[in-house]
Engineer: 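For reference, the structure I am asking about is given below.
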Amino acid sequence: MSATAHNAAPPAARVMNAEQAGRRVEEVLERLAATGDESARAGAEELVRVLMDFYGAGLARIVRLLEAPAAGRPSGSALAGLLADELVSSLLVLHDLNPEDTATRIARALDTVGDPAWEVVGFDDATATLRLRSSGGAGCGCASTGAAAQQAVEDAIACFAPEVTAVEVEPVGVSREPALLQIGTARTAATASGPATAKTP
């Protein structure tokens, strides 16, 4: 074998076109129908519809963003405009095509919420846990508003950084272990004072 043949790059993988993909889907649905399990067939058809709607919405968003004037795009870049969109960004992440790292995408998610009260404390790669700090500056301060704000943050994180599996929120100024410190202090004080002396009748 010649050196040229040995070093030749492998042929590119064939890209399935729309007709081939449609034929594959029909074959799978027909196999499910042949089993007589109507529930499985109905579920598969619903799955196909959901995926078609999802990808159709993503493609429509891409076209709209690319047609937008360059002056209205983030940083004037077509790619930057796509990456800043939560639907398009989630599609790119799903297929491992998003060039941004996790920290950048988390920052993008928080930007879309539009609430400056949220701050990233850290992200643990081992547990996929994101720790945030909230100053509680948004809304009326009631519990329902705080819960809604946190849910909005979690939804945005799920779109831009789906690798985050848990979000922990700590208020500003609150110690990580306040209860432990108080219990230790109380026990020390009780020990130092000693048992109470019984009164002689």
Engineer: Taking CD in Glu27 as the centre, count heavy atoms belonging to other residues, nucleotides or ligands within less than 6.0 Å. Is the count above 12?
Structural biologist: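 Yes, enclosed.
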Engineer: Can you name the nearest heavy-atom pair linking Val93 to Pro162, along with the distance?
Structural biologist: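 Minimum heavy-atom contact is CG1-CG, 3.4 Å.
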Engineer: Could you tell me the separation between the CZ atom of Arg61 and the CD atom of Glu86, rounded to the nearest 0.5 Å?
Structural biologist: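 The distance works out to 7.0 Å.
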Engineer: Flag yes if Met52 and Leu47 sit in one hydrophobic cluster, no otherwise; membership is Ile, Leu, Val, Met, Phe, Trp, Tyr, and two members link when side-chain heavy atoms are under 4.5 Å apart.
Structural biologist: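 No: no chain of side-chain contacts under 4.5 Å links Met52 to Leu47.
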Engineer: How about Phe160 and Leu110: do any of their side-chain heavy atoms sit closer than 4.5 Å?
Structural biologist: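 No; the side chains remain at least 4.5 Å from each other.
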Engineer: Taking all atoms of both residues into account, what is the closest heavy-atom pair of Arg41 and Ala33, and its distance?
Structural biologist: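 Heavy atoms only, the tightest pair is NH1-CB, 3.2 Å.
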Engineer: Say whether Leu59 and Phe54 are linked into one hydrophobic cluster, either directly or through other cluster members, by side-chain heavy-atom distances under 4.5 angstrom.
Structural biologist: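 No.
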Engineer: Would you say Val25 and Leu51 are hydrophobically clustered, going by side-chain heavy atoms of ILVMFWY under 4.5 Å?
Structural biologist: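 Val25 does not cluster with Leu51.
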Engineer: Calculate, to the nearest 0.5 Å, the distance between atoms CG and SG belonging to Leu94 and Cys159 respectively.
Structural biologist: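 Output value for this atom pair is 11.5 Å.
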Engineer: Check the hydrophobic clustering (I, L, V, M, F, W, Y; side-chain heavy atoms under 4.5 Å; chains of links allowed) and say if Leu92 and Leu87 are grouped together.
Structural biologist: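 In one cluster: no.
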Engineer: Taking atom OG1 of Thr112 and atom CD1 of Ile157, what is their separation to the nearest 0.5 Å?
Structural biologist: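 Nearest 0.5 Å value for the OG1-CD1 distance: 8.0 Å.
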Engineer: What closest approach, in Å, do Leu32 and Ala40 show between heavy atoms, and which atom pair accounts for it?
Structural biologist: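 Nearest pair, atom of Leu32 first, then Ala40: CD1-O, 4.0 Å.
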Engineer: Decide yes or no on side chain to side chain contact (heavy atoms under 4.5 Å, CB included) for Val88 and Leu83, but give the supporting numbers first.
Structural biologist: CA-CA 7 Å; Val88 178; Leu83 296 178; over 6 Å; no
Engineer: How about Glu163 and Thr102: does a side-chain donor come under 3.5 Å of a side-chain acceptor?
Structural biologist: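 Judged by distance alone, the side chains do pair up.
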Engineer: Out of curiosity, Leu79 CG to Leu66 CG, how far, rounded to the nearest 0.5 Å?
Structural biologist: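 These two atoms lie 10.0 Å from each other.
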Engineer: Is any side-chain N of the basic residue among Arg23 and Glu19 closer than 4.0 Å to the acidic one's carboxylate O?
Structural biologist: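 Counted as a salt bridge, because a side-chain N and a carboxylate O are separated by less than 4.0 Å.
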Engineer: Using a 4.5 Å cut-off on heavy atoms from C-beta on, say whether the side chain of Leu132 contacts that of Val121.
Structural biologist: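 SC-SC contact between Val121 and Leu132 ruled out.
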Engineer: Closest approach of Val113 and Ala152, non-hydrogen atoms and distance?
Structural biologist: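 Between these two residues, the closest heavy atoms are CG2-O, 4.0 Å.
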Engineer: Of the non-hydrogen atoms in Ser89 and Asn98, which two are nearest, and what is the gap between them?
Structural biologist: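 The answer is OG-ND2, 3.1 Å.
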Engineer: Measure the CZ-CD distance between Arg131 and Glu168 for me, rounded to the nearest 0.5 Å.
Structural biologist: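 Going from CZ on Arg131 over to CD on Glu168, the span is 7.0 Å.
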Engineer: State, yes or no, whether a side-chain contact exists between Gln150 and Val153 at a heavy-atom distance under 4.5 Å.
Structural biologist: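 Of all side-chain heavy-atom pairs linking Val153 with Gln150, none is under 4.5 Å.
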Engineer: Taking Arg105 for its side chain and Glu100 for its backbone only, find out whether a donor-acceptor pair lies under 3.5 Å.
Structural biologist: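 Pair found, side chain donor or acceptor close to backbone of Glu100.
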Engineer: Nearest 0.5 Å please: distance from the CD atom of Glu26 over to the CZ atom of Arg31.
Structural biologist: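 So the CD of Glu26 and the CZ of Arg31 are separated by 12.0 Å.
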Engineer: Establish whether Phe123 and Trp118 are linked, either directly or via other cluster members, by ILVMFWY side-chain heavy-atom contacts under 4.5 Å.
Structural biologist: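 Yes: a chain of side-chain contacts under 4.5 Å links Phe123 to Trp118.
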Engineer: Look at the side chain of Glu45 and the backbone N and O of Ala42, then say whether any donor-acceptor pair between them is shorter than 3.5 Å.
Structural biologist: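 Not a single qualifying donor-acceptor pair exists.
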Engineer: Work out which heavy atom in Leu65 is nearest to a heavy atom in Gly81; give both atom names and the distance.
Structural biologist: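 Answer, listing the atom of Leu65 first, then Gly81: CD1-O, 3.9 Å.
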